[in-house]
K.L.:
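Got a structure here, written out as structure tokens. Questions coming.
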Number of protein chains: 2
Amino acid sequence: METNDFIHILTEKGLKITPQRLAVLDALRRLHNHPTPDQVCRMVKSSHPHIAIGTVYKTLETFVEKGILKKVKTDGDVMRYDDVPHCHHHLYCADSQRIEDYFDDELNALLDDYFKRKQIPNFNVDEVRLHINGRFVGE
Amino acid sequence: METNDFIHILTEKGLKITPQRLAVLDALRRLHNHPTPDQVCRMVKSSHPHIAIGTVYKTLETFVEKGILKKVKTDGDVMRYDDVPHCHHHLYCADSQRIEDYFDDELNALLDDYFKRKQIPNFNVDEVRLHINGRFVGE
DNA sequence: ATTGCTGCAAACTCTTTGCAAGTTC
DNA sequence: GAACTTGCAAAGAGTTTGCAGCAAT
């Protein structure tokens, strides 16, 4: 039963348990593809028709502040959110708005090693994320 | 005399030479720090008070289409533009909106090599950009 | 002369905010 | 009951669009 997971996530961060927040968490789990607030809202509405778009925005923003979500950087004009917690990279398709996760431990190790060795003047590195631009083919 | 450079850039792309475009190119050169359309507009207005913000947006968009500029990906809500043509990465400061260029040929070679070796299923890589998140210190 | 560009203003989209009413702890 | 959360609607910010007049080739 995954509702318990959601409750755990919220209590852990000191947030109150509300049906709206649970529904947003559920929507994020189903939409696992860097959804926009609008996509989240539509998904939530299917189970919870009265939710307001403003509530979705506030909820997502709260989750970012608490570290439950991250914003995904885009060069478009809408926000997109990422619910995957551990370090990964993104594949950006030049032909569409598609953004996919890319996991690669070998690469992570390589980068980790590189930036441990190489210091950047006046800058402390927290984390490194790759934006891999290209095209999806033959699927 | 750098106006000639600007004229060359425009004619090369089949764009007409207008005072506004030259002024935008000049502003981009001076602002070399991933400016927003609004910053570009204010800079241009100092030499060219009658330019319209709409013109700046259209000009920047045209330049992106022609490959003169790139959009910088952010998780904020404003566009930012990058006038540096060759491959480089970005340092994102967690404490401010600051974004700095980061050049590192050794790193580029490493990545190039890595992705030549490692194929990503169903995806052709065009280019890889690092988003290096952290903090500027002691300046 | 033709084609393309600019300025202006209105329209649009996405996001944030204020607040009264309702929930959670 | 205190503190927080929601829904709603209005406001705000950033960006795009339509079009008449103007400028570049």
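Chain letters run A, B, ... following the sequence lines, proteins first, then strands; residues in each count from 1. As the structure is a computational prediction, the values presented were derived from the model and not from experiment.
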K.L.:
Quick one, which residues of residues 55-74 of chain B touch DNA chain C with a heavy atom under 4.0 Å?
P.N.:
B:Thr55, B:Lys58
K.L.:
Reckon A:Asp77 touches a base, only the sugar-phosphate, or nothing at all at heavy-atom distances under 4.0 Å?
P.N.:
sugar-phosphate
K.L.:
Kindly give the heavy-atom pair with the smallest separation between A:Ile51 and A:Lys45, and that separation in Å.
P.N.:
O-CE, 3.5 Å
K.L.:
With ring centroids as reference points, do B:His34 and B:His32 lie under 6.0 angstrom apart?
P.N.:
no
K.L.:
Of A:Ala52 and B:Thr36, whose closest DNA chain D nucleotide lies nearer the 5' terminus?
P.N.:
A:Ala52
K.L.:
Specify the residue among A:His50 and B:Asp38 whose closest nucleotide of DNA chain D lies further upstream toward the 5′ end.
P.N.:
A:His50
K.L.:
Would you work out how much the helix from C:dA1-D:dT25 to C:dC25-D:dG1 bends between its ends, with each end axis defined by five base pairs, to 10 degrees?
P.N.:
40°
K.L.:
Side chains of A:His88 and A:Asp104: donor-acceptor distance under 3.5 Å anywhere?
P.N.:
no
K.L.:
Mind checking whether A:Phe103 and A:His86 have ring centres under 6.0 Å apart?
P.N.:
yes
K.L.:
Does anything in residues 104-126 of chain B form a ring pair (Phe, Tyr, Trp, His ring centres under 6.0 Å)? List the pairs, not counting sequence neighbours.
P.N.:
A:Phe136-B:Phe123
K.L.:
Could you give the start and end, 5' to 3', of the contact zone on DNA chain D for chain A, using atoms under 4.0 Å from its heavy atoms?
P.N.:
D:dA3 to D:dC8
K.L.:
Output all residues satisfying side chain to side chain donor-acceptor pair (under 3.5 Å) with B:Arg129, sequence neighbours left out; order by chain, then residue number.
P.N.:
B:Glu127
K.L.:
Closest approach of B:Ala27 and B:Val44, non-hydrogen atoms and distance?
P.N.:
CB-CG2, 3.7 Å
K.L.:
Chain B on DNA chain C: first and last contacting nucleotide, 5' to 3', under 4.0 Å to a heavy atom?
P.N.:
C:dT3 to C:dC8
K.L.:
At their closest point, which heavy atom of B:Leu28 faces which heavy atom of B:Pro35, and how far apart are they?
P.N.:
CD2-CG, 4.0 Å
K.L.:
Do A:His131 and B:His131 have their ring centres less than 6.0 Å from each other?
P.N.:
yes
K.L.:
At under 4.0 Å between heavy atoms, what does A:Ile53 touch on the DNA or RNA strands: base, sugar-phosphate, or nothing?
P.N.:
nothing
K.L.:
Would you kindly compare A:Pro37 and B:Lys16 by the position of their nearest DNA chain C nucleotide and give the one closer to the 5′ end?
P.N.:
B:Lys16
K.L.:
If only side-chain N and O atoms count, and only distance matters, is there a donor-acceptor pair under 3.5 Å linking B:Asp101 with B:His89?
P.N.:
no
K.L.:
Show, in sequence, the C-alpha distance, side-chain angles and deciding distance for B:Phe63 and B:Leu25, and conclude whether the side chain to side chain contact (heavy atoms under 4.5 Å, CB included) test is met.
P.N.:
CA-CA 10 Å; B:Phe63 288 176; B:Leu25 287 173; 3.6 Å; yes
